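Reviewing the structure listed below.
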Amino acid sequence: MKNIILIGFMGCGKTTLGIKLSYRLRRSLEDTDKLIEKKEGRTISEIFQTDGEAYFRDLETECLEKMLKTTRHKIISTGGGLPLREENRVLLKELGTVVYLRATAQTIYERVKHDKSRPLLQGEDPQEKIRTLMAQRSVLYEQAADVIIDVDGKSFDAILHEIGQAVNR
Ligand code: S3P
């Protein structure tokens, strides 16, 4: 059975929906950010601060390569920047069914505006940063996706239902 992989911008709900989906489908859950933090023994913020974003991106690729060898029949939630590398988009497709949780920049801003754990959004103007990153990334998320689900204004239950229908098709 194929893995189900959740991708999308920071704050789109990958982690929360991953947990709920894993209960609902009785499959265990992996989260690439958590696997990377565990392997490195430090937080994502510390990795960015000490070794920079490029180093973190290498860790994401490494994590996908490892999962490809070991991970079956799971729910996998991912870091928001993981699908940026073409190499990672190819690995994602090999790893399972890729579900893109699509949200508008406004929804994302409302959800992450008080968050201190995301290094990319700690600058002067997070709203502008979200807009810029979203403009660069949207097309890449769409390329990576097997299924696209618009999440704005929907309850978790409604989104879970849509994911369930899409992956059973
Ligand atoms: C990132 C998203 C984060 C985390 C890192 C970089 C990104 O994960 O991987 O801070 O580039 O969008 P979440 O999407 O879970 O916040």
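Predicted model, so just to flag it, every value in this text is computed and none were measured. Order of appearance sets the numbers: ligands from 1, and atoms from 1 within every ligand. Heavy atoms only: backbone and side chains are in, while hydrogens, waters and symmetry mates are out.
When hydrogens are left out, the protein atom nearest atom 9 (O) of ligand 1 is Asp33 OD1, 2.8 Å; that is the closest non-hydrogen contact. Nearest non-hydrogen protein atom to atom 16 (O) of ligand 1 is Arg118 NE, 2.5 Å. Protein heavy atom closest to atom 12 (O) of ligand 1, with residue, atom name and distance, is Arg137 NH1, 2.7 Å.
Within 6.0 Å of NZ on Lys34 lie no more than 12 heavy atoms contributed by other residues, nucleotides or ligands.
Using a 4.0 Å cut-off to heavy atoms of Lys14, the atoms of ligand 1 that qualify are 13 (P), 14 (O). For ligand 1 and Ile44, the ligand atoms under 4.0 Å from any heavy atom of the residue are 5 (C), 10 (O). The Gly81 neighbourhood of ligand 1 comprises atoms 1 (C), 7 (C), 11 (O), 12 (O), with distances under 4.0 Å to a heavy atom of that residue. Close contacts of ligand 1 with Leu120, meaning ligand atoms under 4.0 Å from a residue heavy atom, involve 7 (C), 11 (O).
Remark: among candidates Glu53, Lys34, Met10, Arg57, the nearest residue to atom 11 (O) of ligand 1 is Arg57, based on non-hydrogen atoms.
Although no hydrogens or angles enter the test, the distance criterion places a donor-acceptor pair under 3.5 Å between the side chain of Arg111 and the main chain of Gly11. Without hydrogens or angle criteria, Ser138 side chain to Met134 main chain gives a donor-acceptor distance under 3.5 Å. Here the side chain of Arg89 pairs no donor or acceptor atom with the backbone of Ala144 at under 3.5 angstrom. At least one donor-acceptor pair closer than 3.5 Å links the side chain of Lys14 to the backbone N or O of Gly8.
Ligand 1 has no N or O atom lying under 3.5 Å from any N or O atom of Gly11, backbone or side chain.
With 3.5 Å as the limit, one finds a donor-acceptor pair spanning the side chains of Ser117 and Asp115.
Relative ring orientation between Phe56 and Phe48 is described as tilted, the plane-to-plane angle lying within the 30° to 60° band.
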